[in-house]
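Below: the structure, in structure tokens.
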There are 2 protein chains.
Amino acid sequence: MSTPERLIEATRELLWDRGYVGTSPKAIQRQSGAGQGSMYHHFTGKPDLALAAIRRTADELRASAEASFSSEGTAYERIRGYLLRQRDVLRGCPVGRLTMDPDVIAGDALRAPVTETIDWLRGELARIVQEGLDAGEFSAHLVPEEIAATVVATVQGGYVLARASGSPAAFDAGVRGLLALLAPRTA
Amino acid sequence: MSTPERLIEATRELLWDRGYVGTSPKAIQRQSGAGQGSMYHHFTGKPDLALAAIRRTADELRASAEASFSSEGTAYERIRGYLLRQRDVLRGCPVGRLTMDPDVIAGDALRAPVTETIDWLRGELARIVQEGLDAGEFSAHLVPEEIAATVVATVQGGYVLARASGSPAAFDAGVRGLLALLAPRTA
DNA sequence: GTCTATATTGTGATAGAC
DNA sequence: GTCTATCACAATATAGAC
């Protein structure tokens, strides 16, 4: 792997585990095996490197979600697929956690990929819920954008519950509760 | 206000906005108006002061939630009251945000109040959902602990959506979606 | 109780040799 | 492209005067 590549990957790991304020250039250098000089040769500084790392993480998350969304099945099945897809629950969401980082949220550059990713997620889910409504799968009084927000929030909040309790079980409980509420009436 | 009091309050504000790793003793001293010497006279260091601050924040959050839970009304109405209670949405949850702080989660001392608060919330909500089930208010197939987790997750995740989009509207959308899913069948 | 001085290590970066 | 100085400032304290 090239040096810029190793720097970006190391930064992604550190941002995921410690956030932006908790990630120092020195830690990035240690984790990537690159020296001081290399890092500042390839990137202008910590914000520049963090931006590259965040963008890549956002792209990966999007590609991964897209796979769930475009699978076969009813709207409910696709939402269930998204909710139950494998996750590193105790590590949290590598994009969502950045919303709690003051230095990420404060500036436009680092915040943009975060905003776009979460907004895109809500939009895709809203589209799926609308398809479910059109198919008569869900109660007609449900509002697609609201249900989409509830689904994304349950996932993001599920990470909080899991980390608070120290167990992925809390995440799973929240997801199962949501699926029970969302389930098409089979009676 | 006494000096220890001002130190604790300043730390609470900073922890809320910047997290534990983002909060320095110097910033606490500036915000509280206390000097270096005072801070280290009243507290052994940053972790000690943070513990006092986190405990107080957790106690306040619990008291505030208790007010919603113990109000009059059906189970659905009490859950709705909790979900719609006034919040500083864009600032996030002062307790939940600490779950993303590596130095808080890593140690038992600082993590304990966070764990206890979130676990307590889930327990109280599960109790209310059970009451709703007993009263025939909810579908019998719902599992109280799961719905409770979904409710808390929707709130915690709602903060993430709001901060990602820069608007409290995203939080409100998630809550309305959940309430629509949870609403007793009126037909 | 509060203040100032001092200390060690880390942060985030620049400069210039190789 | 990478390395080793070097730098100014912040983080997180300790020591001891007042």
Side-chain angles (χ1 to χ4, degrees), chain A residues 1-56 97-98 100-111, chain B residues 1-56 97-98 100-111:
Chain A
M1 200 161 33
S2 71
T3 299
E5 208 54 32
R6 277 184 294 117
L7 282 163
I8 291 175
E9 289 303 315
T11 304
R12 296 214 300 150
E13 297 296 310
L14 287 164
L15 285 180
W16 195 353
D17 288 335
R18 304 197 42 86
Y20 183 82
V21 297
T23 296
S24 70
K26 175 167 294 195
I28 293 169
Q29 292 153 27
R30 200 178 328 113
Q31 171 120 1
S32 66
Q36 198 103 303
S38 292
M39 178 181 146
Y40 285 103
H41 173 76
H42 295 290
F43 298 92
T44 67
K46 175 176 160 177
D48 185 36
L49 181 44
L51 179 57
I54 292 172
R55 273 214 266 252
R56 179 171 302 180
R97 75 113 60 225
L98 298 172
M100 296 302 154
D101 227 299
D103 293 358
V104 169
I105 288 302
D108 288 345
L110 296 180
R111 189 186 51 217
Chain B
M1 200 163 29
S2 71
T3 298
E5 206 53 32
R6 278 184 294 115
L7 282 163
I8 290 175
E9 288 303 316
T11 304
R12 297 215 301 150
E13 297 296 311
L14 287 164
L15 285 180
W16 196 353
D17 288 334
R18 305 198 41 87
Y20 183 82
V21 297
T23 297
S24 68
K26 175 168 293 194
I28 293 169
Q29 292 152 29
R30 198 179 329 111
Q31 172 122 358
S32 67
Q36 197 103 301
S38 293
M39 177 179 147
Y40 285 103
H41 174 74
H42 294 290
F43 299 92
T44 66
K46 175 177 161 176
D48 185 36
L49 180 44
L51 180 57
I54 292 172
R55 273 215 265 252
R56 180 171 301 179
R97 76 111 62 224
L98 297 173
M100 295 304 154
D101 227 301
D103 292 358
V104 169
I105 288 303
D108 288 346
L110 296 180
R111 190 185 52 217

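These numbers were taken from a predicted model, which means no experiment stands behind them. Just so it is clear, the values below take in all heavy atoms, side chains as well, and ignore hydrogens, waters and symmetry mates. Here is the naming used below: chain letters follow the sequence lines, and residue numbers restart at 1 for every chain.
- Remark: C1' of D:dA11 and CG of B:D103 are 13 Å apart, rounded to the nearest angstrom.
- Of all nucleotides listed (D:dT2, C:dA13, D:dA13), D:dA13 comes nearest to the side chain of B:P47.
- With a 4.5 Å cut-off on side-chain heavy atoms, A:L110 and A:I54 count as touching.
- For the OP1/OP2 pair of C:dG1 and a distance below 4.0 Å, the side-chain nitrogens and oxygens of B:T3 include no atom meeting the criterion.
- When atom types are taken as modelled, the side chain of B:R6 and the backbone of B:S32 share a donor-acceptor pair closer than 3.5 angstrom.
- Near-neighbour residues of DNA chain C inside residues 7-35 of chain A, defined by a heavy atom below 4.0 Å, number-ordered: A:T23, A:S24, A:P25, A:K26.
- What separates CG of B:D48 from C1' of D:dT12 is a distance of 14 Å, to the nearest Å.
- Across all their heavy atoms, A:G19 and A:R97 have their closest contact at CA-NH1, 3.4 Å.
- Salt-bridge formation is detected for the pair A:R12/A:E9: a Lys NZ or Arg NE/NH1/NH2 atom is positioned less than 4.0 Å from an Asp or Glu carboxylate oxygen.
- Contact annotation: B:H41 side-chain N/O to C:dC3 OP1/OP2 distance is not under 4.0 Å.
- Here B:P4 lies out of heavy-atom contact (under 4.0 Å) with every strand.
- Relative to the side chain of B:Q36, the nucleotides D:dT6, D:dC3, D:dA13 differ in distance, and D:dA13 lies closest.
- Listed nucleotides D:dT6, C:dT2, D:dT12 differ in distance to B:Y40; the shortest reach to its side chain belongs to D:dT12.
- Rounded to an integer number of Å, the gap from B:M39 CE to C:dG1 P is 17 Å.
- Within the 3.5 Å criterion, the main-chain N or O of B:P102 finds no donor-acceptor partner in the side chain of A:R18.
- Heavy-atom contacts from other residues, nucleotides or ligands closer than 6.0 Å to CZ of B:R55 number 12 or fewer.
- The separation between B:H42 atom NE2 and D:dA13 atom P is 17 Å, rounded to whole Å.
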